[in-house]
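What follows is a short report on a single structure.
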Amino acid sequence: MAYQFPALTSEQKKELSEIAQRIVANGKGILAADESVGTMGSRLQRIKVENTEENRRQFREILFTVDDSVSQSIGGVILFRETLYQKDSQGKLFRDILKEKGIVVGIKLDQGGAPLAGTNKETTIQGLDGLSERCAQYKKDGADFGKWRAVLKIDNQCPSHLAIQENANTLARYASICQQNGLVPIVEPEVIADGDHDMEHCQYVTEKVLAAVYKALNDHHVYLEGTLLKPNMVTAGHASTKKYTPEQVAMATVTALYRTVPAAVPGICFLSGGMSEEDATLNLNAINLCPLPKPWKLSFSYGRALQASALAAWGGKAANKKATQEAFMKRALANCQAAKGQYVHTGSSGAASTQSLFTACYTY
Amino acid sequence: MPHSYPALSAEQKKELSDIALRIVAPGKGILAADESVGSMAKRLSQIGVENTEENRRLYRQVLFSADDRVKKCIGGVIFFHETLYQKDDNGVLFVRTIQDKGIVVGIKVDKGVVPLAGTDGETTTQGLDGLSERCAQYKKDGADFAKWRCVLKISERTPSALAILENANVLARYASICQQNGIVPIVEPEILPDGDHDLKRCQYVTEKVLAAVLKALSDHHVYLEGTLLKPNMVTPGHACPIKYSPEEIAMATVTALRRTVPPAIPGVTFLSGGQSEEEASLNLNAINQCPLPRPWALTFSYGRALQASALNTWRGQRDNAGAATEEFIKRAEVNGLAAQGKYEGSGEDGGAAAQSLYVANHAY
């Protein structure tokens, strides 16, 4: 323990920390467009489009060829492996199109869940084998950050101590390997919203999970200034009958983060889970207005919450390209404003109506 | 794990958090006057004074009779058990005098170090037995915070994993018990400056130790907003041949804290260790001028660095008491300024010379 064998040189640290900061600068966030083939299948099925490689390519092309001004709201895009090597209809690589817009290219690196025997159907995540070589190749091919999603659930006896330890450990191994290859690791320990638990319970679990994640990152000598965190917001389970305001979600979320996430982490980019586009934006905005100390950028890494309207507008038809792009840009801009606490929900009456629902932080 | 059994009610949390914030209010720090009988023996023998209860009482009276000037720079005083029940020449309890100045009273509650068998001279700290009852009594007797010191050292094979784990655990148990009794725990994981190790080594070890402490606090359900951390600054070992500027010490210290201490902790109150009065003030000042974001108060909890001159002026003579008190007030005010980054030094070159030694933070 007592000796230090530096994991990274100063130059490596500088590169990683600059990449991380670029992604979350000035209210920018991340478009999570890394849906696996299977997941894209579910998305496309909803709009009755066949799940072919060409259809997946077409939809991503529409998103990535929006006006350059998108780079004021989007700092990074996470790609699925297939997409990193796809081109637009003129033969230009997507990754070059994004880079030319000044957007950092990221790559999903995990290889899905595997069961943890002896638990109540909990999982760990695979993908460590040969990860270093894969990272080196992706770096050459234009990626500057990686993403790995670990999943924990709230249920009877869950998350168990084993699930927390194991997922924290694999996240830390992944992060360490990424950094060795010049990729900024996005660390995603998602506590999923399935269940009928209340928000307080989610907060408690989120705090325990994040504490374990940061201990593991420390144990694995991960350079925090060159990482980003992608956590869940603290919310009640989907099946909970209790309703909470964005301010309550914000207070619970920021409380959980400020009790566990060291200030060295430059940015926290929330996942949207099953939230609607508008809720994801409203919650992010409330989070940025929360009066607790927030030394990290608080931004977004949204998949569905950036693409739902766009997908619906597209419907698989090239003729709908403009409408699709407009729908996407609208959400991108809204979330960028929310990441600065400047989002004005057109339907609300503004600050006054939200003020009265504020609950002092020591009840969290 | 999955169930949360709240350790504290909202009212208890509020009380603890309010106490902690009062102690580290802007410009304020702590006078550590909790030297045990054994420690006082060393201090008094250095000035040729006999170590009697009366002499210890007279000496503390010198400190506690400081006038209202200390109100703006001293937020808390740590007492030793004996002193908590001593009175001044007019029969007024010291506790009362301190409280009347609006200063929070604290109490040392650990019972010293004991060896960890099978290690290279490492220790843990005892004092958990009956701690809850003792805390309850101290709370009745006027104490609102407590302090417990653990000790780690840097050498070829230390600190060992066991020493780190055991001391972190015992600190977390102590903290949990304190909070149950309305007492804010100051958590002190001191890494001694003994040795010839360089600044980087101390930084590395400090990060590992603090990560373990924070994880233990989380595991033990300690309410971070109602605790204070009392770490060592990151410095080279006493016998290290390399000299470092206050700016380098500041950068290494703040970097270590940013990587391990969540923003929920309201204040970090540094110990002075073996530093001289002036060194301790200059370093604290540089820490408060460090350009990295610092979401906690960064202040002092000094023993020797507040008392050395006072002790030396007093030398056991009643006639010297007034002058000795002035020496203490002087150091208190200087450190109050340093805690805000406003101390201009005792007349050396200052700004220009210090500037050139600044090293970019990714080198840490």
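Side chains included, hydrogens not; waters and symmetry mates left out as well; all remaining heavy atoms used.
- For A:Lys14, the parts sitting under 4.5 Å from any heavy atom of chain B are the backbone and the side chain alike.
- Side chains of A:Asn232 and A:Thr206: a donor-acceptor N/O pair is present below 3.5 angstrom, by distance only.
- When heavy atoms are compared at a cutoff of 4.5 Å, A:Ser17 does not approach chain B at all.
- Each of A:Glu207, A:Lys294, A:His221 has some count of heavy-atom pairs under 4.5 Å with chain B, and the biggest count is that of A:His221.
- A:Leu298 pairs in a side chain to side chain contact (heavy atoms under 4.5 Å, CB included) with only one of the listed residues (A:Asn285, A:Val24, A:Ile268, A:Thr253), which is A:Ile268.
- Between A:Asn120 and A:Asn156, the shortest heavy-atom contact is ND2-O, 3.0 Å.
- Residue A:Asn26 qualifies as open at atom CG: its count of foreign heavy atoms under 6.0 Å is 12 or below.
- Using a 4.5 Å cut-off between heavy atoms, B:His197 makes no contact with chain A at all.
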